[in-house]
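Below, each value reflects all heavy atoms present in this structure, side chains not excepted, and no hydrogens, waters or symmetry copies.
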2 protein chains.
Amino acid sequence: MSGSDPVAVTEAVAAVIAAVEAEEGKLAPKKRAVLEAALCCFAEQGFAATSTRSIAERAGVAEATIFRHFASKEDLLLRIVRPLGMRLMAPAVAEAEAVFAQADGDPEEMIRGIFRARLAFADRYAPLVRILLQELPVNPALQGLLQEGVIARLARFAEDRLTREAEQGHIRPIAAGRFLRIVASVLIGYWVSRSMVAPGDWDDEAEIAVMASVLARGLQP
Amino acid sequence: MSGSDPVAVTEAVAAVIAAVEAEEGKLAPKKRAVLEAALCCFAEQGFAATSTRSIAERAGVAEATIFRHFASKEDLLLRIVRPLGMRLMAPAVAEAEAVFAQADGDPEEMIRGIFRARLAFADRYAPLVRILLQELPVNPALQGLLQEGVIARLARFAEDRLTREAEQGHIRPIAAGRFLRIVASVLIGYWVSRSMVAPGDWDDEAEIAVMASVLARGLQP
DNA sequence: TTTGCGAGTGAGTGATTACTCACATTTCTG
DNA sequence: CAGAAATGTGAGTAATCACTCACTCGCAAA
């Protein structure tokens, strides 16, 4: 309802545009406008509650123009969301893997690193994240994408680091799936609180410090 | 997509029926049927994607019957969701408060108690919880209800217990809001994983033990 | 200059939307 | 038992839905 931070919108739009252009070359200007408008509408009202008419109006385009470039409203959604999994999540996962690889011996700093990076990521692409959170409960395709494309891959990598740390006695032995779920839950819970439930003044660094401290100590052997 | 556990549906339906009957006496049978059908439809497809026609068909009722008993589709949603805040959350909050009050000196057992109770609650009223999770991002009224009616009240109560425990050196000093957010995040993350993202075989007691252990140790001074 | 083509659109399409209304039927009440 | 009130519905309503189609336009190759 409150609308989205224009900076974040621009970032998210730019990312989606870049991803689509990588597939099919330079986009027609009005196709760009449709993507941008749809992204905002879906993020604000949800997919089902958004009409193609309102997208067209926001884009300054005839309704027919939407269907020249996209097969259906559903196709438009997928075009917007798919890059999130493919092009955005992949570097994000790699980045998280880098955090796992570094920072030997200090799990708390590792968690802080993950939190800072993922929080910046979520803020950068806030409208996309919002769409993802809304559609996830009703869209099995998205559930599968998230489950296999992100969680499973990340867990496989984290497993190595975590067993190594556990053998050295730095942390308690814990399954990677559980570790990731707990850390991700705390992170997502914070993001949702801060930017959806109770927007206002939040001291990210202080909150991250508390969350990382609690989690790191919780993981001690 | 998988549909809801019929037992859970019955529980949730019974709770909503009971709440509405408490307000306006015995319900007309078809009004009951409408409430039940709407509850299932909203939980499965989301509010916006559910048509009044599909509700009527599922309820075995004429579409007009819906509007004899409910002013609008939106009103129907609120009638279903409001009891969750008022009648269901209130005992839940009281129950959580009881957990806070008991179990002095063992935060881990306290957290396990909270987890067991809230998990059972969420399973009992799974369709309602599903609706709540789906509508929360787009419905500011629900956001306010949750924020002020549940979180604020619970935080006020938890504050006492937490400062008391902190003074005795059992746990580190932590703001109640942060404590609740972290615990709730882990709990919700688990519930969503278990019953929405990756349904399958989960050993609740084992998972609860891990989560409670991590959180309790994380809260040590 | 002609021809072909992708971009863009106004004016529709039938289907579906939430919702209404006149009227039948059942239930309650005096 | 009479009559009022509550419950239920078939047949609508206008509006909106996602989507189509015949068409124009600007532009570039032949």
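By the salt bridge (Lys or Arg N to Asp or Glu O under 4.0 Å) test, B:R118 pairs with B:E95, sequence neighbours left out. Take A:A152 and apply the side-chain contact (heavy atoms from CB on, under 4.5 Å) test, not counting sequence neighbours, and it matches A:R156. Residues satisfying the salt bridge (Lys or Arg N to Asp or Glu O under 4.0 Å) test with A:E205, not counting sequence neighbours, are A:R116. Take A:T52 and apply the side-chain contact (heavy atoms from CB on, under 4.5 Å) test, not counting sequence neighbours, and it matches A:E63, A:I66, A:F67, A:K73. Annotation: ring-ring contact (aromatic ring centres under 6.0 Å, His included) contacts of B:F115 (sequence neighbours excluded): none.
Taking atom CG on A:L27 and atom P on C:dG6, their separation rounds to 16 Å, with Å as the unit. Here C:dT27 presents its P atom at 14 Å from NZ of B:K26, a figure rounded to the nearest Å. Taking atom CD of residue A:Q45 and atom P of nucleotide D:dC17, one finds them 10 Å apart after rounding to whole Å. One interatomic measurement links the two molecules: CZ of A:R53 to C1' of C:dT17, which rounds to 14 Å at whole-angstrom precision. Atom CZ of B:F67 and atom P of C:dC19 are 5 Å apart (whole Å).
Counting only distance, with no hydrogens or angles, the side chain of A:S195 and the backbone of A:V192 share no donor-acceptor pair below 3.5 Å. Listed for the B:T50 side chain is a donor-acceptor partner under 3.5 Å among the backbone atoms of B:G46. Under a 3.5 Å cut-off, the side chain of B:D75 and the backbone N or O of B:A71 do form a donor-acceptor pair.
For residues 46-61 of chain B, every residue pair satisfying the salt bridge (charged side-chain N to carboxylate O under 4.0 Å, His left out) rule, not counting sequence neighbours, is listed here: B:E44-B:R58, B:R53-B:E57. Sorted by first then second residue, the ring pair (Phe, Tyr, Trp, His ring centres under 6.0 Å) pairs that include residues 25-47 of chain A, not counting sequence neighbours, are A:F42-A:F47. The salt bridge (charged side-chain N to carboxylate O under 4.0 Å, His left out) contacts involving residues 181-203 of chain B comprise A:E207-B:R181, B:D123-B:R194, B:R194-B:D204, where partners must be two or more places apart or lie in separate chains.
By the 4.5 Å heavy-atom criterion applied to side chains, A:R82 and A:E23 are counted as neighbours.
At a threshold of 4.0 angstrom between heavy atoms, the contacts of A:T52 include nucleobase atoms, whether or not backbone atoms are also involved. Across all strands, B:T50 comes closer than 4.0 Å only to sugar-phosphate atoms, never to a base (heavy-atom distances).
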Going 5' to 3' through nucleotides 24-29 of chain D and flagging B where a protein heavy-atom sits under 4.0 Å of the base, S where only the sugar-phosphate is that close, and - otherwise, we get ------
How would nucleotides 7-14 of chain C be written as a contact map, 5' to 3', with B for base contact, S for sugar-phosphate-only contact and - for no contact, using protein heavy atoms under 4.0 Å? BBBB----
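Near DNA chain C, defined here as any heavy-atom distance below 4.0 Å, there are no residues from residues 15-25 of chain B. Residues from residues 71-80 of chain A lying near DNA chain D, meaning a heavy-atom separation below 4.0 Å, are A:S72, A:K73 in numerical order.
In terms of heavy atoms, B:E159 sits closest to B:A175 at OE2-CA, 4.4 Å.
Contact check, B:S51 against C:dT16: no side-chain N or O comes under 4.0 Å of OP1 or OP2.
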